[in-house]
Number of protein chains: 2
Amino acid sequence: MKPAPDPVSPLDALAASAAPRWRTATEFVEATLKAAILEGRLPGGTPLRQEELAERLGVSRMPVREALRQLEAQALVEVLPHRGAVVAEISAADAADLFAIRRALEPAALRLSIPHLTEAQRDQAGALITAMDVEPDPGRMGLLNRQFHMALYAAAGHPRLLALTEQHLAAFDRYLRFHLAAQGRERMAQQDHRAMLEAAARGEAAAAAAILEAHLDQAAEAIARFFAAREAGAA
Amino acid sequence: MKPAPDPVSPLDALAASAAPRWRTATEFVEATLKAAILEGRLPGGTPLRQEELAERLGVSRMPVREALRQLEAQALVEVLPHRGAVVAEISAADAADLFAIRRALEPAALRLSIPHLTEAQRDQAGALITAMDVEPDPGRMGLLNRQFHMALYAAAGHPRLLALTEQHLAAFDRYLRFHLAAQGRERMAQQDHRAMLEAAARGEAAAAAAILEAHLDQAAEAIARFFAAREAGAA
DNA sequence: TAGCGTAATGTTGGATCCAATCAACGGCCG
DNA sequence: CGGCCGTTGATTGGATCCAACATTACGCTA
């Protein structure tokens with residue numbers, strides 16, 4: 001039936017590193033814009049002119065159009081018919097929205113994952129915690145945090161659930177920058193991370209999920225406070 | 001500040017019914033394909049040739065391309081570079097995946113919504129229950145079920161959470177057809193629906209969420225049994 | 001005859017061109 | 001003087017054309 005059930009080989013890694021990083025121009029544009037938006041280089045409300053982007057990225061308008069459509073489906077840009085695309089705005093309400101989604105998805109993923117986590121996966125998560133301890137750059141910090149969380153959820157199966165989780169975890173990066181800038185990155189709830197990992201190692205899914213929920217609630221409150229302070233200062 | 005804070009008028013309804021239903025050809029193609037996939041008219045694995053679709057729908061290939069990209073982001077079709085798009089396959093694993101997502105999102109939405117539900121919204125939900133009692137058509141049934149669930153979640157705020165919930169509730173329609181066909185529609189847990197509504201009316205969010213979770217678990221088991229039986233029969 | 005390499009074909013990805021729509025500006029009428 | 005309407009400019013949506021890629025079939029060679 002299956003002539004090559006396991007095509008993974010050293011050649012794949014070689015090909016992945018050697019070949020151009022993106023298969024199509026559309027993928028390139030999408031990845032570039034996505035990173036720029038998530039890293040805050042394109043603030044909310046920025047109009048995205050197709051022709052300008054095409055010129056700047058060295059492609060024609062068409063891959064830009066398709067990329068914008070995909071980003072629209074991810075709620076990163078807002079496309080109005082015949083009026084163009086703008087980067088989606090960030091706000092306290094949107095941050096709360098995102099947290100409600102993460103608060104629903106991530107504990108579910110964690111509960112499903114813990115019974116099937118391997119020791120290697122837990123070790124990887126632990127390594128990511130220690131990497132976070134010494135990472136000075138906030139951008140890398142967000143990436144490591146994302147990788148740590150996803151490493152804990154990796155054994156959940158359910159690829160769609162995991163993809164959704166990762167997408168919204170990444171979407172949160174737009175707010176993480178504010179968060180870290182506001183309250184200093186050193187207290188990024190590393191003890192929560194360690195406690196979650198320990199509970200996971202003991203197979204205590206419910207306990208780990210409870211820590212995660214508190215972790216997320218705490219982060220949500222910090223973001224809400226930051227927005228409240230910013231609006232008070234701006235007003 | 002706001003020159004027209006409430007632009008709703010009889011003219012809007014008129015315009016909505018008179019004008020062509022879709023603003024752009026892309027929207028038309030996307031809606032058409034989405035409905036066809038969710039209703040089961042396009043089974044999993046069906047290849048979607050751009051030129052053929054364009055001809056059949058009376059548009060050029062370009063709106064088809066953009067629509068396929070949007071459907072890809074919704075996991076309804078799978079697009080492989082230079083190899084075209086196929087309708088995403090359904091499977092027991094994917095159904096379980098979808099249920100894990102619904103099981104995470106919907107109780108969260110319900111908990112957030114119940115404290116803010118108005119009596120009018122509850123009445124609407126009740127009307128949808130009675131409408132389901134007398135609906136013979138399975139397709140309409142799925143629509144009513146979706147509307148009932150969303151009516152209960154409507155007061156949750158958090159537009160992104162609601163949009164995600166609705167999207168995955170709609171995605172489940174592909175399996176609902178199987179479900180209803182297999183075990184007869186009359187027992188579609190109408191008592192669960194009524195119990196949820198009553199708990200919501202009493203403001204008991206936790207109780208309503210518990211009923212919803214059991215409701216979803218039960219549906220998930222039914223689908224799993226159906227798939228197991230089908231595979232046993234096919235083998 | 002089996003396997004590899006090559007050519008042919010069909011499909012998609014990308015570029016360019018044209019049409020439709022929206023926003024802004026300016027003139028006209030009340 | 002203010003509001004409405006037509007016109008202009010800019011931008012997007014859609015159509016057509018060309019190039020690149022993947023699959024298939026064929027032929028050659030061992």
Side-chain angles (χ1 to χ4, degrees), chain A residues 1-4 7 9 11-12 15-16 18-34 42 45-73 76-88, chain B residues 2-4 7 9 11-12 15-16 18-34 37 42 45-73 76-88:
Chain A
M1 276 298 200
K2 292 187 171 183
S9 83
L11 291 175
D12 291 331
R21 190 164 162 193
W22 292 283
R23 310 261 329 251
T24 67
T26 300
E27 285 179 30
F28 161 68
V29 174
E30 188 200 343
T32 304
L33 287 178
K34 184 172 181 173
L42 287 173
T46 307
L48 299 172
R49 306 256 165 276
Q50 296 179 0
E51 196 141 9
E52 181 186 344
L53 290 173
E55 191 179 11
R56 201 175 299 263
L57 296 174
V59 297
S60 101
R61 260 184 55 208
M62 174 138 340
V64 174
R65 280 165 64 173
E66 300 202 355
L68 289 176
R69 275 285 154 76
Q70 302 223 141
L71 295 173
E72 182 195 16
L76 290 176
V77 308
E78 200 170 350
V79 178
L80 295 91
H82 295 280
R83 285 176 52 184
V86 296
V87 179
Chain B
K2 293 187 173 184
S9 82
L11 291 176
D12 290 332
R21 190 163 161 194
W22 292 284
R23 310 263 327 252
T24 68
T26 299
E27 287 179 28
F28 162 67
V29 174
E30 188 201 343
T32 304
L33 287 178
K34 184 172 181 174
I37 293 171
L42 287 173
T46 306
L48 299 172
R49 305 256 167 278
Q50 297 178 359
E51 195 142 7
E52 181 187 342
L53 290 173
E55 190 180 8
R56 201 175 299 263
L57 296 174
V59 297
S60 100
R61 261 184 54 208
M62 171 139 341
V64 173
R65 280 165 61 172
E66 299 202 354
L68 288 176
R69 274 288 155 75
Q70 304 223 141
L71 295 173
E72 182 195 15
L76 290 176
V77 309
E78 201 171 351
V79 178
L80 296 91
H82 293 281
R83 285 176 52 184
V86 295
V87 179

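Not measured: the values here are computed from a predicted model.
- A/Glu52 contributes atom CD, which lies 10.0 Å from atom CG of A/Leu57 (distance to the nearest 0.5 angstrom).
- For D/dG14, one of the phosphate oxygens OP1 or OP2 lies less than 4.0 angstrom from a side-chain nitrogen or oxygen of B/Thr26.
- Checked for salt-bridge contact, B/Arg69 and B/Glu72 meet the test: a charged N lies under 4.0 Å from a carboxylate O.
- Mapping A/Ser60 and A/Pro81 onto DNA chain C by nearest heavy atom places A/Ser60 closer to the 5' end of the strand.
- Taking every side-chain heavy atom of A/His82 into account, C/dT21 is the closest of D/dA15, C/dT21, C/dG14.
- When the P atom of C/dT12 is taken as reference, atom CD of B/Glu55 falls 13 Å away, rounded to whole Å.
- The B/Val59 side chain lies nearest to D/dA15 when the options are C/dG14, D/dT11, D/dA15.
- The number of heavy atoms from other shown groups lying within 6.0 Å of CD (A/Glu78) does not exceed 12.
- Computed from coordinates, the A/Glu66 CD to C/dT12 C1' distance equals 10 Å when rounded to whole Å.
- At whole-Å resolution of the value, CG in B/Leu57 and P in D/dG14 are 13 Å apart.
- Atoms CH2 (A/Trp22) and C1' (C/dG14) sit 18 Å apart, rounded to a whole Å.
- When each of D/dG13, C/dG14, C/dG13 is scored by its nearest atom to the side-chain atoms of A/Pro63, the top-ranked nucleotide is C/dG14.
- Remark: P of C/dT9 and CD of B/Glu51 are 17 Å apart, rounded to the nearest angstrom.
- For A/Arg65 against C/dG14, a side-chain-to-base donor-acceptor contact under 3.5 Å is absent.
- In this structure, the CZ atom of A/Arg69 is 16 Å from the P atom of C/dG13, given to the nearest Å.
- Contact annotation: side chain of B/Arg83 to base of C/dG10, donor-acceptor pair absent below 3.5 Å.
- In summary, of the residues considered (A/Thr24, A/Thr26, A/Thr32), a side chain to side chain contact (heavy atoms under 4.5 Å, CB included) with A/Phe28 occurs for A/Thr32 alone.
- Residues B/Leu33 and B/Leu68 meet the side-chain proximity criterion, which asks for heavy atoms closer than 4.5 Å.
- Going from atom CZ of A/Arg61 over to atom P of D/dT16 covers 17 Å, rounded to whole Å.
- Comparing C/dG14, C/dA15, D/dG14 against the side chain of B/Thr24 picks out D/dG14 as the nearest.
- Going from atom CE of A/Met62 over to atom P of D/dT16 covers 13 Å, rounded to whole Å.
- Within 4.0 Å of B/Leu48, counting heavy atoms only, lie sugar-phosphate atoms of the nucleic acid but no base atom.
- Distances shown here put a side-chain N or O of A/Arg23 below 4.0 Å from the OP1 or OP2 atom of D/dA22.
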